[in-house]
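Below is one structure; the comments refer to it alone.
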Amino acid sequence: MNENGFTHFDEQGQAIMVDVSGKKETHRTAIASGIIQVSPPVFEAIQKGTAAKGDVLGVARIAGIMAVKNTSSVIPLCHPLPIAKCGIDFELLESDCAVKAIATVKVTGLTGVEMEALHGVSVALLTIYDMCKAIDKRMEITDIHLDKKSGGKSGEFIR
């Protein structure tokens, strides 16, 4: 950690991958979520499974899982992790005409899985956008955040 409290920079301000070799392996969990606001026709297509590209939430679930597993390939200073569990779930928010994506990621390791959960949610929501943009391009992805994390030196976090 440098003098400003940032762990991904050395004392000279150079970007570094954090050295986790001295950490203790613990069970770690992260839950992240986000929302995509859609129009009524898009919501109906998702709900009824009538989108031209197929099962929107099924494909978004697989995309989110793939994103979780490949986070270190996209976020430069993330460590590759042996993911023990990854779930991508969806809530259809009919009154808001929105879909909420929730990623739950678990690992037993030296570093946390917050970035993996956030990445999984982001890609799942982007996939919904991609699959439904032919119906309406005005969808809006919002409120992507970490809901909860446990394990590691910093302990439990609940938003």
Side-chain angles (χ1 to χ4, degrees), residues 7-8 15-18 20 25-152 154 156-159:
T7 57
H8 286 85
I16 59 166
M17 181 180 258
V18 175
V20 297
E25 196 170 81
T26 61
H27 299 293
R28 298 160 185 265
T29 301
I31 301 170
S33 62
I35 293 173
I36 185 165
Q37 300 286 153
V38 300
S39 65
V42 170
F43 190 86
E44 184 178 334
I46 292 170
Q47 190 175 45
K48 292 183 176 177
T50 58
K53 289 188 176 183
D55 176 11
V56 173
L57 299 183
V59 174
R61 179 174 287 109
I62 297 299
I65 291 168
M66 289 175 65
V68 165
K69 295 186 332 180
N70 290 294
T71 300
S72 66
S73 297
V74 179
I75 311 291
L77 301 177
C78 280
H79 293 82
L81 299 175
I83 303 300
K85 182 209 186 290
C86 174
I88 306 289
D89 297 303
F90 300 98
E91 291 177 20
L92 295 175
L93 308 174
E94 192 164 4
S95 62
D96 297 327
C97 208
V99 178
K100 181 176 184 178
I102 304 120
T104 303
V105 184
K106 293 182 179 183
V107 69
T108 299
L110 304 174
T111 189
V113 288
E114 297 95 278
M115 293 309 299
E116 286 74 9
L118 290 162
H119 188 223
V121 162
S122 300
V123 171
L125 294 171
L126 286 166
T127 301
I128 292 171
Y129 186 98
D130 179 54
M131 293 191 69
C132 297
K133 68 184 183 237
I135 301 168
D136 188 352
K137 292 175 180 51
R138 292 174 289 184
M139 293 172 278
E140 184 177 347
I141 295 171
T142 64
D143 201 29
I144 296 171
H145 60 270
L146 181 67
D147 292 307
K148 183 178 179 181
K149 73 87 114 182
S150 63
S154 65
E156 188 170 49
F157 165 84
I158 299 174
R159 185 179 172 90

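Small disclaimer: the values here were computed from a predicted structure and weren't measured.
Residues Ile135 and Lys133 form no side-chain contact, since every pair of their non-hydrogen atoms from C-beta on lies 4.5 Å or further apart. Contact of the Val74 side chain with the His119 side chain is registered, since non-hydrogen atoms from C-beta on lie closer than 4.5 Å. By the 4.5 Å heavy-atom criterion applied to side chains, Ile83 and Ile65 are not counted as neighbours. Taking the side chain as every heavy atom from C-beta outward, Pro41 and Asp136 never approach each other to under 4.5 Å. Using a 4.5 Å heavy-atom cutoff, the side chains of Ile144 and Leu125 are in contact. For the pair Val113 and Lys106, the minimum side-chain heavy-atom distance is 4.5 Å or more. Using a 4.5 Å heavy-atom threshold, the side chains of Ile141 and Ile35 count as separate. Side-chain contact between Glu140 and Ile36 is absent, with no heavy atoms from C-beta onward closer than 4.5 Å.
Between the side chain of Tyr129 and the backbone N or O of Lys137 there is at least one donor-acceptor pair closer than 3.5 Å. A donor-acceptor contact shorter than 3.5 Å links the side chain of Thr71 to the backbone of Ala67. Under the 3.5 Å distance criterion, the side-chain polar atoms of Glu114 are left unmatched by any main-chain donor or acceptor of Lys149. Judged purely by atom type and a 3.5 angstrom limit, Arg28 uses its side chain to pair as donor or acceptor with the backbone of Gly109. In this structure, the side chain of Thr26 engages the main chain of Gly152 through a donor-acceptor pair within 3.5 Å. Panel note: side chain Asp55, backbone Gly58; a donor-acceptor pair is recorded below 3.5 Å.
Taking each heavy atom of Ala63 and Val123 in turn, the nearest pair found is O-CG1, 3.6 Å. Taking both residues in full, the closest heavy atoms of Ala103 and Ala117 are given as CB-O, 3.5 Å, listed atom of the first, atom of the second, then distance. Here the closest non-hydrogen pair linking Gln47 and Leu92 is CG-CD1, 4.1 Å. For the pair Val107 and Pro82, the tightest heavy-atom approach, listed with the atom from each and the gap, is CG2-O, 3.2 Å. Residues Ser72 and Cys78 come closest through the heavy atom pair CB-O, 3.5 Å.
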Original post:
Do Lys148 and Glu156 pass the side-chain contact (heavy atoms from CB on, under 4.5 Å) test, and can you show the C-alpha distance, the side-chain angles, and the key distance before you say yes or no?
Top reply: CA-CA 7 Å; Lys148 183 178 179 181; Glu156 188 170 49; 3.5 Å; yes
**OP:** Take Cys132 and Val56 through the side-chain contact (heavy atoms from CB on, under 4.5 Å) test and state the conclusion after the steps.
**Re:** CA-CA 8 Å; Cys132 297; Val56 173; 3.9 Å; yes
**OP:** Would you check, one step at a time, whether the test side-chain contact (heavy atoms from CB on, under 4.5 Å) holds for Glu44 with Thr50?
**Re:** CA-CA 8 Å; Glu44 184 178 334; Thr50 58; 5.6 Å; no
**OP:** With side chain to side chain donor-acceptor pair (under 3.5 Å) as the test, would you mind laying out the steps for Lys85 and Thr29 before giving the verdict?
**Re:** CA-CA 9 Å; Lys85 182 209 186 290; Thr29 301; over 6 Å; no
Subject >> Leu93 vs Val99, side-chain contact (heavy atoms from CB on, under 4.5 Å): CA-CA, chis, key distance, verdict >> reply: CA-CA 6 Å; Leu93 308 174; Val99 178; over 6 Å; no
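For NE2 of His27, the number of neighbouring non-hydrogen atoms (other residues, nucleotides, ligands) closer than 6.0 Å is 12 at most. Atom CD of Glu94 is surrounded by 12 or fewer heavy atoms from other residues, nucleotides or ligands within 6.0 Å.
Here the straight-line distance linking atom CE of Met115 with atom CG of Leu77 works out to 10.0 Å at 0.5 Å rounding. Taking NZ from Lys100 and OG from Ser33, the interatomic distance works out to 4.5 Å, rounded to the nearest 0.5 Å. Rounding to the nearest 0.5 Å gives a distance of 11.0 Å between NZ of Lys48 and CZ of Phe43. To the nearest 0.5 Å, the span separating CD1 on Ile128 from CG on Leu57 amounts to 5.5 Å. For the atom pair SG of Cys86 and CZ of Arg61, the computed distance is 10.5 Å after rounding to the nearest 0.5 Å. Going from atom CG of Asp130 over to atom CE of Met139 covers 8.5 Å, rounded to the nearest 0.5 Å.
The one candidate from Val105, Ile158, Asp147, Val121 that meets the side-chain contact (heavy atoms from CB on, under 4.5 Å) condition with Ile31 is Asp147.
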